[in-house]
Every structure is written in C-alpha cells, then in structure tokens.
Amino acid sequence: MPLDQYRNSRILVTGGAGFVGSHLCERLLTEGAEVISVDNYYTGTRRNIASLLNNPLFEAIRHDVTFPLYLEVDAIFNLACPASPIHYQRDPVQTTKTSVHGAINMLGLAKRLKIRIFQASTSEVYGDPVVHPQKEDYWGNVNPIGIRSCYDEGKRCAETLFFDYWRQHGLPIKVGRIFNTYGPRMQPNDGRVVSSFIVQALKGDPITIFGDGGQTRSFCYVDDLVEAITRLMLTPDECTGPINLGNSSEFTILELAEKVIKFTNSASKLIFEPLPLDDPRQRQPDLEKAKAVLDWQPKVPLDDGLKETIKYFKRVLD
Ligand code: NAD
Ligand code: UDP
Ligand code: UDP
C-alpha cells in the first residue's frame with residue numbers, strides 16, 4: 001500500500017500529544033505529511049511531542065474537541081479521549097462528552113471539508129465478550145450503567161455517529177477497533193497494566209495483580225498499531241470498518257507480570273488486589289479482516305516490545 005499518498009497533505013491528529021497520537025504524528029511526518037496535533041493535554045503531555053516541535057511541518061494546538069474547531073486539512077485521525085480506566089473514570093461525564101461531542105465536531109469538520117476521518121474506537125465496544133476471539137460482527141456484552149460505561153458507551157455512540165454520517169452524508173469514514181496497545185510514551189501513572197507493572201518492577205514495588213491474574217489480554221506494540229492505522233486511512237472509500245486492530249497473541253495477566261519481572265531483573269513480589277467492576281475476563285482480536293484489507297499483520301512479539309518499553313521507562317524514571 002503506497003504510503004507516499006501522505007506526502008504534501010495536511011493531516012489533523014486529535015489527541016496528538018497522547019501515547020498513540022504522538023507516535024502517529026511522528027510517523028506521518030516521516031511519510032512527508034504536514035501534521036497538526038490538537039490536544040487539551042488532559043492525559044497527554046507536551047513532552048511526548050517535544051522532539052517534533054522544531055519540525056516546520058508540525059504544529060501543535062491546545063484545544064478541547066468538545067468545542068467546534070475550524071481548520072483546513074486533508075484528513076482527520078480522531079484519537080482524542082482518555083484511554084486508561086483510572087483516567088477515563090476520573091471525570092466520566094467529560095469522557096462521554098469527549099467521545100460524543102468530540103466525534104460530532106470532528107465529523108462536522110470532515111463533512112464541511114468532504115475529507116476522510118478515522119475514529120480510534122476500541123475493543124471495549126465488545127465489553128466483557130461472550131464470543132472469543134472477537135470478530136467485528138459481534139455486537140458485544142456491555143453494561144450501559146457501570147463505571148466503564150462512560151468510555152465503552154461513549155465509544156459505541158461515536159461509532160454510531162460515524163456510520164450515520166457515512167449513511168446520511170456519504171462521508172468517507174474509517175473505524176478502527178483498537179485492542180490493548182503498549183509502548184514508549186505511556187504515562188507512568190496511567191494505571192494501565194503494562195505501564196504499571198514495568199514501573200512497579202523498576203522501582204522494586206509490589207506488582208499489583210487484580211483478581212487472580214487469570215484474565216487475559218492481547219497486547220499490541222505501538223509501532224504495529226500505527227502502521228495499521230496509517231494503512232487503513234488510505235483504503236478505498238468502501239472500507240469503512242469497523243476493523244479490529246491489535247495483536248492476537250493472548251496472555252494472562254500473571255504471564256505478563258512474570259515476563260516483566262524477568263526482563264527487568266526485578267525482586268518485586270506479586271500482590272493480589274480485588275478485580276475492578278466489569279473487568280473483562282478475556283480479550284483477543286480476530287484479525288482476519290485487518291490482514292485481508294490492510295495487507296498487514298503485527299510483527300513485534302510481546303517479549304521484544306516489552307524490552308523496548310522497559311528501556312523507555314528506565315530513562316523516564318532516572
Ligand atoms: P492517551 O490518553 O495517551 O491519549 C489521548 C489523548 O487525547 C491525550 O493526549 C489527551 O490529552 C487527549 N484528549 C483527551 N480529551 C481531550 C479533549 N476533550 N480534547 C482534546 N484532546 C483530548 O491514550 P492513547 O492510549 O494514546 O489512546 C489514543 C486513542 O486510542 C484514544 O481514543 C483511545 O480510546 C484509543 N484506544 C487506545 C487503546 C490503547 O490500548 N492504547 C486501546 C483502544 C483504544
Ligand atoms: N463543526 C466544526 N468545524 C467545522 C464544521 C462543523 O467544529 O468545520 C461542528 C459544528 O459546531 C457542529 C458539528 O460540527 O456542531 C456538527 O456539524 P454538522 O454540520 O454535521 O451539523 P450542524 O452544524 O448542522 O449541527
Ligand atoms: N490490571 C492488573 N493490575 C494493574 C492494572 C491492571 O492486574 O495494576 C489488570 C486489569 O484488571 C485488567 C488488565 O490488567 O484485567 C488490563 O488492564 P488495563 O487497565 O491495562 O486495560 P483494560 O482493562 O482496559 O483492557
């Protein structure tokens with residue numbers, strides 16, 4: 001798939017100062033695009049994009065996507081939204097507003113400009129899945145009134161809006177359902193499992209296993225995800241998604257903890273804490289559609305990705 005189509009185009013990345021967004025901005029600049037990051041720095045930081053600020057093709061705007069935004073761009077990647085449970089549960093009303101009002105504003109912008117728009121959706125639309133692995137035609141098992149609902153239902157409503165703008169206004173949309181992704185530039189304190197375990201192991205603190213650690217997740221390294229997202233945007237208009245993006249290698253949380261301890265040479269002990277409410281028992285993407293449509297598959301095994309991420313956190317914590 002020729003990514004040189006990005007050359008000389010102006011791309012808006014909302015959530016551009018976040019973990020995934022900053023890697024995406026960097027990648028688009030490498031492909032020769034002009035990139036505008038829009039972020040309110042709620043969970044992202046200017047440090048994530050500091051190395052890009054001297055690039056004349058990069059621009060960073062402080063803005064909250066729940067308010068209208070008027071810019072002239074050629075495509076939009078809509079990533080703005082807190083993603084870790086402790087961050088999205090801190091101000092749940094704002095989380096729903098960001099997903100829903102943010103989607104409406106970015107779709108309005110895309111509609112005015114008649115341009116493509118990508119939505120960073122999530123495996124959380126499947127909730128605590130009773131179908132395993134999850135295929136895109138599974139409608140999910142989501143609690144509409146629980147503590148995760150602001151995020152899960154917000155993202156589901158955003159998908160509804162994307163498909164209604166597509167049906168009603170003929171807007172070219174790209175909906176990617178992202179499964180657990182990790183890598184450098186995750187926030188050390190965001191409570192997500194990979195960042196938490198690495199920080200705990202490096203500090204010699206106890207590793208906090210929620211529940212019995214038998215629940216599973218499938219972890220994707222950020223470079224693999226960014227490759228998939230950049231390809232998805234360039235697919236023909238009929239490729240709307242939703243399309244699963246992630247890595248299908250599934251691990252228990254206990255296995256993850258053991259790997260982190262081994263790769264950090266840590267003396268940390270495991271401690272067991274209560275499982276948060278509505279915590280999904282298992283999660284694994286079916287990637288057949290992504291492989292066929294994007295001619296892509298994740299390349300980075302968990303061991304290699306963890307080692308890279310550990311290097312990053314060693315630098316951050318020093
Ligand atoms: P992140 O929290 O690092 O990044 C989100 C960014 O959005 C931050 O920079 C934050 O400041 C910004 N933001 C939040 N609310 C905003 C608002 N109202 N206006 C403007 N900016 C706002 O999280 P991430 O892991 O990089 O996730 C990026 C996107 O991918 C999110 O939409 C998330 O839901 C989605 N996603 C991520 C994962 C994952 O495992 N990382 C999995 C599924 C979906
Ligand atoms: N919008 C925006 N930038 C634009 C165009 C629209 O932020 O360039 C916002 C606008 O504030 C509106 C939302 O997008 O609330 C949805 O726009 P749309 O045209 O779909 O709806 P309408 O304006 O008719 O309500
Ligand atoms: N988890 C854990 N200890 C932690 C943080 C998370 O055992 O310190 C577990 C959590 O209960 C969940 C899994 O790890 O089962 C993934 O959690 P994360 O918050 O990273 O992502 P999500 O639940 O949204 O997939």
Side-chain angles (χ1 to χ4, degrees), residues 13-24 37-45 48-49 61-72 77-88 91 94-95 97-99 101-113 119-125 148 151-152 154-155 158 161 165 168-169 171 176-183 185-187 190-197 199-200 207-220 222 225 229 245-246 252-254 256-257 272-276 278-283:
V13 179
T14 76
F19 157 52
V20 176
S22 60
H23 286 276
L24 179 61
S37 158
V38 160
D39 203 298
N40 67 351
Y41 305 107
Y42 183 60
T43 53
T45 73
N48 283 345
I49 49 171
I61 300 176
R62 180 188 286 267
H63 174 80
D64 181 331
V65 293
T66 62
F67 296 98
L69 176 68
Y70 287 80
L71 287 174
E72 310 308 314
F77 289 92
N78 187 37
L79 275 66
C81 186
S84 89
I86 57 166
H87 285 154
Y88 70 65
D91 185 350
Q94 175 66 14
T95 299
K97 282 185 186 171
T98 294
S99 274
H101 294 186
I104 292 174
N105 287 327
M106 292 310 106
L107 286 162
L109 176 61
K111 180 183 135 208
R112 177 174 64 79
L113 299 172
Q119 167 66 359
S121 191
T122 168
S123 52
E124 295 283 330
V125 300
R148 292 176 86 102
Y151 184 75
D152 300 7
K155 289 283 189 180
L161 284 161
Y165 269 76
Q168 200 173 327
H169 301 301
L171 195 68
R177 291 183 178 156
I178 303 171
F179 283 65
N180 296 65
T181 299
Y182 70 98
R185 305 204 194 116
M186 296 181 90
Q187 293 287 328
D190 75 1
R192 285 189 267 192
V193 70
V194 173
S195 39
S196 296
F197 284 4
V199 170
Q200 289 164 344
I207 308 263
T208 51
I209 309 275
F210 298 164
D212 61 7
Q215 71 272 35
T216 68
R217 293 294 186 272
S218 308
F219 299 101
C220 182
V222 64
L225 175 72
I229 294 177
L245 305 174
T252 65
I253 296 306
L254 264 182
L256 177 73
F272 292 84
E273 294 186 356
L275 194 66
D278 294 336
D279 198 281
R281 283 295 306 162
Q282 53 181 5
R283 190 182 283 155

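All values reported here derive from a predicted model rather than from experimental measurement. FYI, side chains are in, hydrogens and waters are out, and symmetry mates aren't considered; it's all heavy atoms of this structure. As the structure lists them, so they are numbered: ligands from 1, and atoms in each ligand from 1.
- Not a single heavy atom of S84 sits less than 4.0 Å from an atom of ligand 3.
- Y165 has its side chain within reach of I104: a pair of non-hydrogen atoms, C-beta onward, lies under 4.5 Å apart.
- The residue M186 has no part lying near ligand 1, judged by heavy-atom distances below 4.0 Å.
- Side-chain contact of T43 with Q187: a donor-acceptor pair under 3.5 Å is absent, judged by distance alone.
- Remark: ligand 3 and F210 share an N or O pair separated by less than 3.5 Å (distance only, no angle test).
- Evaluated by nearest non-hydrogen atom to atom 43 (C) of ligand 1, the leading choice among T14, I178, T95 is I178.
- Polar contact check, E124 against ligand 3: a nitrogen or oxygen pair lies under 3.5 Å apart.
- Looking at S121, S99, A120, it is A120 that brings a heavy atom closest to atom 30 (O) of ligand 1.
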Under a 3.5 Å threshold, I'd like every N/O contact between ligand 2 and protein atoms, with atom names and distance.
from: ligand 2; atom 1: 3 (N); to: L69; atom 2: O; distance (Å): 2.7
from: ligand 2; atom 1: 7 (O); to: L69; atom 2: N; distance (Å): 2.8
from: ligand 2; atom 1: 7 (O); to: L69; atom 2: O; distance (Å): 3.3
from: ligand 2; atom 1: 8 (O); to: R112; atom 2: NE; distance (Å): 2.6
from: ligand 2; atom 1: 8 (O); to: R112; atom 2: NH2; distance (Å): 3.1
from: ligand 2; atom 1: 14 (O); to: I104; atom 2: O; distance (Å): 3.4
from: ligand 2; atom 1: 19 (O); to: K111; atom 2: NZ; distance (Å): 2.9
from: ligand 2; atom 1: 20 (O); to: K111; atom 2: NZ; distance (Å): 3.3
from: ligand 2; atom 1: 20 (O); to: Y165; atom 2: OH; distance (Å): 2.5

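- The closest approach between a heavy atom of G102 and any atom of ligand 1 is not below 4.0 Å.
- Between the choices T66, T43, L225, N180, the shortest heavy-atom distance to atom 1 (P) of ligand 1 belongs to T43.
- For ligand 3, the polar-atom distance check against D279 finds a nitrogen or oxygen pair separated by under 3.5 Å.
- For a threshold of 3.5 Å applied to N or O pairs, the pair formed by T45 and ligand 1 contains no separation below that value.
- Remark: among candidates Y42, Y151, F19, F77, the nearest residue to atom 33 (C) of ligand 1 is Y151, based on non-hydrogen atoms.
- Proximity of Q187 to ligand 1, defined as any heavy-atom pair under 4.0 Å, is not found for any part of the residue.
- Once rounded to the nearest 0.5 Å, the distance linking CD1 of I61 with CG of L71 reads 5.0 Å.
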